[in-house]
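Heads up, the thing below is written out as structure tokens.
Numbers for residues simply follow the sequence, beginning at 1.
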Amino acid sequence: MGTQIALVEKALHSQLPAFADVLRPTGVPAERIVRTMLVSCERNPRLLECSLQSLLSSAMTAAVLGLEVDGVTGQGFVIPYSGVATFQIGYKGYPTLAARGGLTINSGVVRERDFFEFEEGSEGFVKHRRQLGDEKSRRIVAAWATASALGRPPIVAIMSYDQVLEIKARSKGATKPESPWNDALGPGHE
């Protein structure tokens, strides 16, 4: 594994000027993309079985978007699919990109016994008051997200948990144990 990581690191370092060019507007240092790609490879050794070109392409996609791919921040992930590394935006990547565009995104998971009231449409809103404690024992019933910007009506999206599970069933990554969909103990699934 050490030799493979060294080869990936050398290839990533050769791309530092290109990473720096695309990252300039975001303020993210190019070295951070290299570091987070290496962390991803260390955390998921199956990435080292992927083509070097697909790893570099995933790193460039992350750089273009200015998102970290360490698997910890939730901004982005690099997932191995049959020898090809594929960048996947994470659950915290969307709010990061939206904030750069002047939008504020909020979201949440609704569990049994939470207070939850919403309305969709031009006057949409979400009121969600979580009940704290025993979260893992209370079933998820819905997920919600809002996007808002000054001078614009809010965008509200609500999904039942059944709808979320339908999306999971169509996700080719959901069958992989390292997929955020299967992160029962961490923030990935929620």
Side-chain angles (χ1 to χ4, degrees), residues 1-109 135-136 140 143 145 164-165 167-190:
M1 183 165 115
T3 305
Q4 293 165 309
I5 287 274
L7 290 172
V8 170
E9 184 174 11
K10 183 178 177 183
L12 288 167
H13 277 287
S14 75
Q15 298 299 309
L16 275 172
F19 294 153
D21 282 346
V22 297
L23 282 165
R24 195 166 289 112
T26 69
V28 175
E31 295 79 15
R32 181 171 248 144
I33 294 297
V34 171
R35 217 170 24 253
T36 62
M37 281 295 294
L38 293 172
V39 166
S40 288
C41 289
E42 289 170 353
R43 292 185 73 193
N44 185 353
R46 289 184 44 232
L47 285 169
L48 297 173
E49 299 167 12
C50 295
S51 73
L52 186 56
Q53 185 57 49
S54 67
L55 285 168
L56 293 175
S57 292
S58 292
M60 184 54 76
T61 300
V64 166
L65 295 173
L67 299 176
E68 297 180 15
V69 293
D70 57 7
V72 175
T73 61
Q75 293 183 354
F77 301 89
V78 180
I79 311 291
Y81 293 111
S82 304
V84 177
T86 304
F87 174 81
Q88 184 175 319
I89 194 163
Y91 71 106
K92 288 201 175 171
Y94 289 110
T96 300
L97 293 175
R100 290 185 196 142
L103 291 171
T104 300
I105 292 182
N106 291 299
S107 61
V109 171
E135 287 88 358
K136 296 299 178 194
I140 296 174
V164 172
L165 293 178
I167 292 169
K168 178 184 178 184
R170 291 191 311 263
S171 169
K172 66 181 182 178
T175 59
K176 310 248 185 248
E178 66 273 5
S179 169
W181 282 111
N182 301 315
D183 184 13
L185 300 177
H189 181 73
E190 286 190 14

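Between V22 and M60, the closest heavy-atom pair is CG2-SD, 3.9 Å. Between T26 and G66, the shortest heavy-atom contact is CG2-CA, 4.0 Å. Taking each heavy atom of A85 and V78 in turn, the nearest pair found is CB-CG1, 3.7 Å. Between Q88 and I79, the shortest heavy-atom distance links the atoms OE1-CG1, 3.7 Å. Considering all non-hydrogen atoms of both residues, E42 and I5 come closest at CG-CD1, 3.8 Å. Minimum heavy-atom separation, E68 to Q75: N-OE1, 2.9 Å.
One finds the SG atom of C50 at 8.5 Å from the CG atom of L48 (value rounded to the nearest 0.5 Å). The distance from the OG1 atom of T61 to the CG atom of L56 is 11.0 Å, given to the nearest 0.5 Å. Here the CD-CD distance, from Q4 to E49, works out to 8.0 Å after rounding to the nearest 0.5 Å. The OH atom of Y94 sits 14.0 Å away from atom CG of L103, with the distance rounded to the nearest 0.5 Å. In this structure, L97 CG and I105 CD1 are separated by 8.5 Å, a value rounded to the nearest 0.5 Å. With rounding to the nearest 0.5 angstrom, the NE2 atom of H13 is 8.0 Å from the CD atom of E31.
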Given the rule in the side chain to side chain contact (heavy atoms under 4.5 Å, CB included) test, do M37 and L55 qualify, once you have shown the distances and angles that lead to the verdict? CA-CA 8 Å; M37 281 295 294; L55 285 168; 4.1 Å; yes
Does S40 form a side chain to side chain contact (heavy atoms under 4.5 Å, CB included) with L47? I'd like the steps, not just the answer. CA-CA 8 Å; S40 288; L47 285 169; 3.9 Å; yes
Evaluate side chain to side chain contact (heavy atoms under 4.5 Å, CB included) for N44 paired with F77, printing each intermediate quantity in order. CA-CA 11 Å; N44 185 353; F77 301 89; over 6 Å; no
Residues T96, L67; criterion side chain to side chain contact (heavy atoms under 4.5 Å, CB included); working and verdict: CA-CA 8 Å; T96 300; L67 299 176; 3.8 Å; yes
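At distances below 3.5 Å, at least one donor-acceptor pair connects side-chain atoms of R100 with backbone N or O atoms of L65.
By the 4.5 Å heavy-atom criterion applied to side chains, L12 and L38 are counted as neighbours. Contact check for K92 versus T73: no side-chain heavy atoms found under the 4.5 Å cut-off.
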